[in-house]
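One structure is given below, encoded as structure tokens.
Computed from a predicted model, the values in this text were never measured in an experiment. Computed over heavy atoms, backbone and side chain alike; hydrogens, waters and symmetry mates excluded.
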Amino acid sequence: MTVATVHLWGTGSASTGLGLTAKTTLQLLGRRRPEGLRFSRILGTAKGTSFSSRDADLGHWALVASWESQEAADAFDRGPLVATWDASARERVRVRMRAIRSVGLWGGREPFGPAVAEAEEGQRVAVITRARIRPSAVHRFSGTVPPIAAELMQARSRGLRLGFGMGELPAGLLGTFTLWESAPALREFIAGAPSHRAAMLDSRAGEWFAEELFARFAVDAVEGWAGETG
């Protein structure tokens, strides 16, 4: 059974985060990569209020990964790389989850395996989105970000527990992670978020994305705390 994890670390320091990101990339892509690892990306984060460099949050870093089993995910979490991040971080969150639905590709790959989970009543859910934006669509896409960010801010009182933007180099490879108190809370947001719905329709009609991914998860465990992130 494929297990997905999201780690979020708040280092409070750009230099610390950049140094650990380089080390993490080398290990995850090298010959001594963790056993059972199917997919991984170490990512910078953003506040998600605009589409500019001013939005970057150089004090928080995320690791998105999928694993062949829960045992493999837990073994990595007990390992030296995570311990190094934890020792350098003043905030830490780990989310362990299973895909309910995953549509699209990330870097030409389907990262989260076949969707086999179902969210139980009252169970928390999470969403990962990721897209590679066509250069011709950057201006149109950037205009959709502030109103969607405002809708997400309003959702914090209605079930949104954690949310942040995330990105990878080169520019234009962007994504989001949101954690919701329940599936009904997520559905309520979608139903009451006209800017979000309009952007989804416009992006498909205008073919804004060269590659995109949408994945929804049943959340099995959340550990840690993330202050004012997102």
Any donor and acceptor pair, going by atom type alone, linking the side chain of Glu151 with main-chain N or O of Ser195 inside 3.5 Å?
-> yes
Are Gln27 and Arg32 side-chain neighbours, meaning at least one heavy-atom pair lies under 4.5 Å?
-> no
Electrostatic pair Arg134:Glu211 at N-O distance under 4.0 angstrom | no
Arg101 side chain vs Phe214 backbone, donor-acceptor pair below 3.5 Å = no
Basic-acidic side-chain contact under 4.0 Å: Arg96, Glu223 | no
Closest approach of Gly159 to Ala185 (non-hydrogen atoms, all atoms of both residues) = CA-CB, 4.0 Å
Taking the six-membered ring for Trp, are Trp67 and Phe76 parallel (under 30°), tilted (30 to 60°) or perpendicular (over 60°)?
-> tilted
Ring centres of Trp61 and Trp9 under 6.0 Å apart?
-> no
Side chain proximity check, Arg92 to His7, heavy atoms < 4.5 angstrom | yes
Side-chain ion pair, Arg158 and Glu181, N-O less than 4.0 Å | no
Where do Ser66 and Pro111 come nearest, in terms of heavy atoms and distance?
-> OG-O, 2.6 Å
Heavy-atom check, side chain of Ile128 versus side chain of Arg216, under 4.5 Å = no
Ser136 and Trp208: side-chain donor and acceptor closer than 3.5 Å?
-> no
Would you say Arg187's side chain and Ala191's backbone share a donor-acceptor pair under 3.5 angstrom?
-> no
Under a 4.5 Å cut-off applied to non-hydrogen side-chain atoms, are Thr129 and Leu213 in contact?
-> no
Between Asp86 and Arg78, is there a salt bridge with N-O shorter than 4.0 Å?
-> no
Take the angle between the ring planes of Phe177 and Phe164 and call it parallel below 30°, perpendicular above 60°, tilted in between.
-> tilted
So, the side chain of Glu110 versus the backbone of Gly113: is there a donor-acceptor pair under 3.5 Å, distance only?
-> yes
Among Val64, Leu29, Thr25, whose side chain to side chain contact (heavy atoms under 4.5 Å, CB included) with Ile42 holds?
-> Thr25
Check whether any side-chain heavy atom of Thr5 sits under 4.5 Å from a side-chain heavy atom of Val95, and report yes or no.
-> no
Check: Thr11/Ser13 side-chain N/O donor and acceptor closer than 3.5 Å = no
Side chains of Arg41 and Glu168: does their closest heavy-atom pair fall under 4.5 Å?
-> yes
Using a strict cut-off of less than 4.0 Å between a Lys/Arg side-chain nitrogen and an Asp/Glu carboxylate oxygen, indicate whether Asp202 and Arg140 qualify as a salt bridge.
-> no
Distance-minimising heavy-atom pair for Ala119 and Val125 = CB-CG1, 3.9 Å
Non-hydrogen side-chain atoms of Arg38 and Glu68 separated by less than 4.5 Å | yes
Between Gly192 and Arg197, which heavy-atom pair has the shortest distance, and what is it?
-> N-NH1, 4.1 Å
Would you say the side-chain atoms of Ser102 pair up with the backbone N or O of Ala99, donor to acceptor, closer than 3.5 Å?
-> no
Side-chain donor-acceptor pair present, Gln70, Asp220, cut-off under 3.5 Å = no
Between Trp180 and Thr178, is any side-chain donor less than 3.5 angstrom from a side-chain acceptor?
-> yes
Could you tell me whether the side chain of Leu179 reaches within less than 4.5 Å of the side chain of Val222, counting heavy atoms only?
-> yes
